[in-house]
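In this text the structure is predicted, and so the values were computed from the model without any measurement. Quick note: residue numbers are just sequence positions, from 1.
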Amino acid sequence: MRALSSRGWCLSLGLLLAWLGTGCASLSASLGGTGEASEKARRLCEQGLLTWPDLARFPADMPPQDYVRSEDLAWLQAHPEAVPPEEPLSAQPPLCEVQDATNAEGDFTVVVMKLQPPTEQEPEGRNALLTFHRAPEGWRLTYWLPEDAQAGATNVPLFSEAMPRPQKLSGQDLAYTREALQEGVQGLMAIRCVITRAGSVINCHTLKPLPLMVEPALKALWGSRYAPVTLAGKPIDVRYTFIFRMKRVTFTR
């Protein structure tokens, strides 16, 4: 946090890395949940449907149209040749424990789910941050299939709980622009990129924008470098969703 002259404002920027639940700031208990989205997240997790909407794996009491964003279902129907990216095998089944959800911001919310328990190497365990959109009929998990296809990243595996989480090695953190601060911009922004096996960030596309903040966020991501994600000890390319929560807080003296 830093003070902003006599206005008494400060900046609170939480960078939440999708599928991690950690970063510059973490979700707190004060962030209320959305019960429908949380319950749907839990059921999708139990069926192994968090990273790809494999229609053959939906039980009879889980109609895909009640759980999956319509744009993703339409994309699957238009691309019957599409197959899920190969998923690594996890050493243990996920816990599928809903931890929290952010307050819904318009038609967008994020559900935080505990996937793996804490270990000595990862004291916080491994979490998933699942993005949901609200349709007129209710909340639907968003897989971003058409967006990934447009960015040319559909066949790159999505980061999962079976992979060691990437660590940022260098690069600037995102900061408010003067224009965004003056306009009072705050809320959630989601950007999905590919972290390459060399640790660079490429093929970024914005999933949920914030006014006046998309360009600086992209510049910060493109200028960052990460320890490569590995699978079976070998570096791989991986799709990774960066979720920024930006909030302007008032100081009281």
Side-chain angles (χ1 to χ4, degrees), residues 16-22 26-79 82 84-85 87 90 92-117 125-149 154 157-163 187-192 207-208 239-245:
L16 305 178
L17 303 182
W19 296 89
L20 267 63
T22 60
S26 61
L27 293 171
S28 68
S30 63
L31 297 174
T34 53
E36 179 195 352
S38 297
E39 176 60 18
K40 288 182 175 179
R42 183 188 63 80
R43 295 207 66 192
L44 288 163
C45 179
E46 291 174 348
Q47 300 298 326
L49 291 165
L50 295 185
T51 59
W52 186 271
D54 187 346
L55 302 183
R57 299 178 65 177
F58 279 82
D61 65 340
M62 288 181 60
Q65 64 271 20
D66 291 347
Y67 286 79
V68 181
R69 187 182 64 147
S70 59
E71 290 88 338
D72 292 307
L73 291 177
W75 188 89
L76 281 177
Q77 294 171 351
H79 299 84
E87 288 290 330
S90 178
Q92 55 185 322
L95 297 177
C96 294
E97 295 178 356
V98 174
Q99 299 293 290
D100 209 342
T102 67
N103 289 323
E105 299 192 9
D107 62 351
F108 184 87
T109 193
V110 177
V111 174
V112 184
M113 174 167 289
K114 176 70 72 176
L115 292 180
Q116 298 295 347
R126 294 190 186 181
N127 290 352
L129 301 185
L130 309 176
T131 54
F132 279 77
H133 275 79
R134 181 163 46 198
E137 304 78 16
W139 290 100
R140 303 293 186 267
L141 181 60
T142 302
Y143 293 87
W144 311 109
L145 296 180
E147 293 86 352
D148 283 347
T154 303
L158 185 66
F159 183 81
S160 76
E161 80 280 359
M163 303 174 185
L188 290 172
M189 177 168 56
I191 300 177
R192 180 170 284 177
L207 306 175
K208 182 185 183 298
R239 282 180 294 156
Y240 203 86
T241 306
F242 297 87
I243 298 179
F244 301 85
R245 180 174 181 84

- Flag the pair Lys40 and Glu36 as a salt bridge only when some basic side-chain nitrogen lies within less than 4.0 angstrom of an acidic carboxylate oxygen.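 Looking at Lys40 and Glu36, the cut-off is met.
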
- Indicate the atoms forming the closest heavy-atom contact of Pro146 with Glu71, along with that distance.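 Shortest heavy-atom separation between Pro146 and Glu71 comes out as CG-O, 4.0 Å.
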
- Do you know the tightest heavy-atom contact between Tyr143 and Leu49?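 Closest approach of Tyr143 to Leu49: OH-O, 2.5 Å.
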
- Minimal non-hydrogen separation, Gln65 against Leu73, with atom names: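 For Gln65 and Leu73, the tightest heavy-atom pair comes out as CA-CD1, 3.6 Å.
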
- Query: Will you find, in the side chains of Trp144 and Thr241, an N or O donor that is under 3.5 Å from an N or O acceptor?
  - Reply: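 No, no side-chain donor-acceptor pair sits under 3.5 Å.
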
- Query: Which distance, rounded to the nearest 0.5 Å, do you find between the CG of Leu141 and the OG1 of Thr131?
  - Reply: 6.0 Å

- Query: When rounded to the nearest 0.5 angstrom, what distance separates CG in Asp66 from CZ in Phe58?
  - Reply: 10.0 Å

- Message: Tell me whether Arg43 is salt-bridged to Asp61, with the criterion being a basic N under 4.0 Å from an acidic carboxylate O.
- Response: yes

- Query: In Å, rounded to the nearest 0.5 Å, how long is the span from CD1 of Ile243 to CG of Leu130?
  - Reply: 8.5 Å

- Query: Is there any salt bridge (charged side-chain N to carboxylate O under 4.0 Å, His left out) pair reaching into residues 46-60, and which pairs are they, with sequence neighbours excluded?
  - Reply: Arg42-Glu46

- Message: Just to verify, what does Glu97 make a salt bridge (Lys or Arg N to Asp or Glu O under 4.0 Å) with, not counting sequence neighbours?
- Response: none

- Could you tell me the separation between the CG atom of Leu129 and the CD atom of Gln99, rounded to the nearest 0.5 Å?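 One finds 11.0 Å between CG of Leu129 and CD of Gln99.
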
